Amino acid sequence: MTRLKTALLADKVVVVSGVGPGLGRSICLEAAAAGATVVLAARTESRLKEVAAEIEAEGGTTLSVVADITDEDAVRNLLARTLETFGKVDVLVNNAFSVPSMKPLARTDFQQIRDSIDLTVLGGLRMTQTFTEALTESKGNVVMINSAVLRHSEPRYGSYKIAKAALLAMSQTLATELGEKGIRVNTVAPGYIWTDQLKWYFGEIAKKYGITPEQVYQQTASKSDLKRLPLPDEIAQTVVFLASPWANSITGQTIDVNCGEYHV
Ligand SMILES: NC(=O)c1ccc[n+]([C@@H]2O[C@H](COP(=O)([O-])OP(=O)(O)OC[C@H]3O[C@@H](n4cnc5c(N)ncnc54)[C@H](OP(=O)(O)O)[C@@H]3O)[C@@H](O)[C@H]2O)c1
């Protein structure tokens with residue numbers, strides 16, 4: 001897919017927490033293509049450097065900071081490094097993800113649920129609390145990455161759903177509480193994302209059922225209106241839109257990006 005070059009985030013400093021090979025990478029690349037300076041944060045330095053190099057190869061500006069969003073000092077350091085390097089923060093995107101337990105709730109260890117809440121909910125809140133003063137100065141905004149798990153209650157997604165449902169509740173309250181400071185808080189809820197990870201997974205399902213990966217794709221995509229699965233860059237472009245001045249009157253909202261799999 002050709003990356004759309006826009007000026008939607010011209011002169012903006014965008015911090016992305018939880019930059020991995022999937023959506024996190026796409027959000028960074030799309031924000032940079034929209035003119036933003038991008039601060040990349042996660043625990044694996046080598047990945048941050050890889051994504052930063054892709055942005056810089058296109059002429060973009062980046063800062064990579066190793067940070068665990070469950071660690072108070074690391075998050076404070078991320079803010080300090082951003083401010084000392086670029087002087088401001090306009091957008092915070094909370095994307096961090098770790099694979100959920102995928103067991104029925106009846107057999108889910110409480111510690112797995114706690115870990116999930118600690119990362120998704122308290123990690124997102126810690127980031128938002130720490131960045132609130134800087135975002136107040138810039139009249140900035142926060143985009144939380146949620147999931148289509150909000151829209152279904154399929155077995156084995158319980159621990160993930162508990163964390164993402166709480167993240168949505170928290171995001172809506174933050175929109176109300178931070179609105180008077182001029183800070184917007186919005187949510188993007190992707191369904192399937194056509195990443196390398198999902199390609200691998202469809203390959204495994206195909207082997208198990210003796211069909212082709214293309215058939216797995218067709219069967220999955222047939223449940224959506226557009227009969228295809230969204231690309232990571234398409235989801236990232238929705239994040240860029242919500243983060244941009246074109247969404248200046250939008251707060252407390254959720255945009256589902258799922259090719260029409262669920263209607264809300
Ligand atoms: N993948 C999907 O199909 C899908 C579908 C719907 C919604 N989503 C949502 O989309 C978002 C991105 O998912 P993705 O699979 O594409 O992930 P990704 O962007 O490829 O990677 C997310 C990254 O978060 C980082 N992370 C985990 N724990 C962290 C911590 N404590 N502190 C800082 N960073 C941390 C990890 O990097 P380090 O290990 O280096 O820290 C990981 O690589 C998630 O919020 C997910 O819930 C994904």
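Keep in mind that the numbers below use all heavy atoms, side chains included, and drop hydrogens, waters and symmetry copies. Treat the numbers as computed from the prediction; the structure is a model and nothing was measured. Both ligands and their constituent atoms are indexed starting at 1 by order of listing.
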Does one side chain, of Asn94 or Ser17, offer a donor that lies under 3.5 Å from an acceptor on the other? yes

Is there a donor-acceptor contact under 3.5 Å from the side chain of Asn186 to the main chain of Gln253? yes

Start with the C-alpha gap between His263 and Asp225, add the side-chain angles, then the distance that decides, and say whether side chain to side chain donor-acceptor pair (under 3.5 Å) holds. CA-CA 10 Å; His263 295 181; Asp225 293 335; 2.6 Å; yes

Distance dump, ligand 1 polar atoms to protein, N/O, under 3.5 Å:
unit_1, atom_1, unit_2, atom_2, d
ligand 1, 16 (O), Leu23, N, 2.8
ligand 1, 19 (O), Gly24, N, 2.7
ligand 1, 19 (O), Asn95, ND2, 2.9
ligand 1, 20 (O), Pro21, N, 3.2
ligand 1, 20 (O), Gly22, N, 2.7
ligand 1, 21 (O), Gly20, N, 3.4
ligand 1, 24 (O), Phe97, N, 3.3
ligand 1, 28 (N), Arg43, NH2, 3.2
ligand 1, 31 (N), Asp68, OD1, 2.9
ligand 1, 32 (N), Ile69, N, 2.9
ligand 1, 39 (O), Arg43, NH2, 2.9
ligand 1, 40 (O), Arg43, N, 3.4
ligand 1, 40 (O), Thr44, N, 2.9
ligand 1, 40 (O), Thr44, OG1, 2.5
ligand 1, 41 (O), Arg43, N, 2.8
ligand 1, 41 (O), Arg43, NE, 2.8
ligand 1, 45 (O), Asn95, O, 3.1
ligand 1, 45 (O), Lys164, NZ, 3.0
ligand 1, 47 (O), Tyr160, OH, 2.7
ligand 1, 47 (O), Lys164, NZ, 3.0

Regarding Gln111 and Arg114, do their side chains bring together a donor and an acceptor under 3.5 Å, going by distance alone? yes

Tell me whether Phe202 at atom CZ has more than 12 heavy atoms from other residues, nucleotides or ligands lying less than 6.0 Å away. yes

Backbone N/O of Ile250 and side chain of Arg184: donor-acceptor pair under 3.5 Å: yes

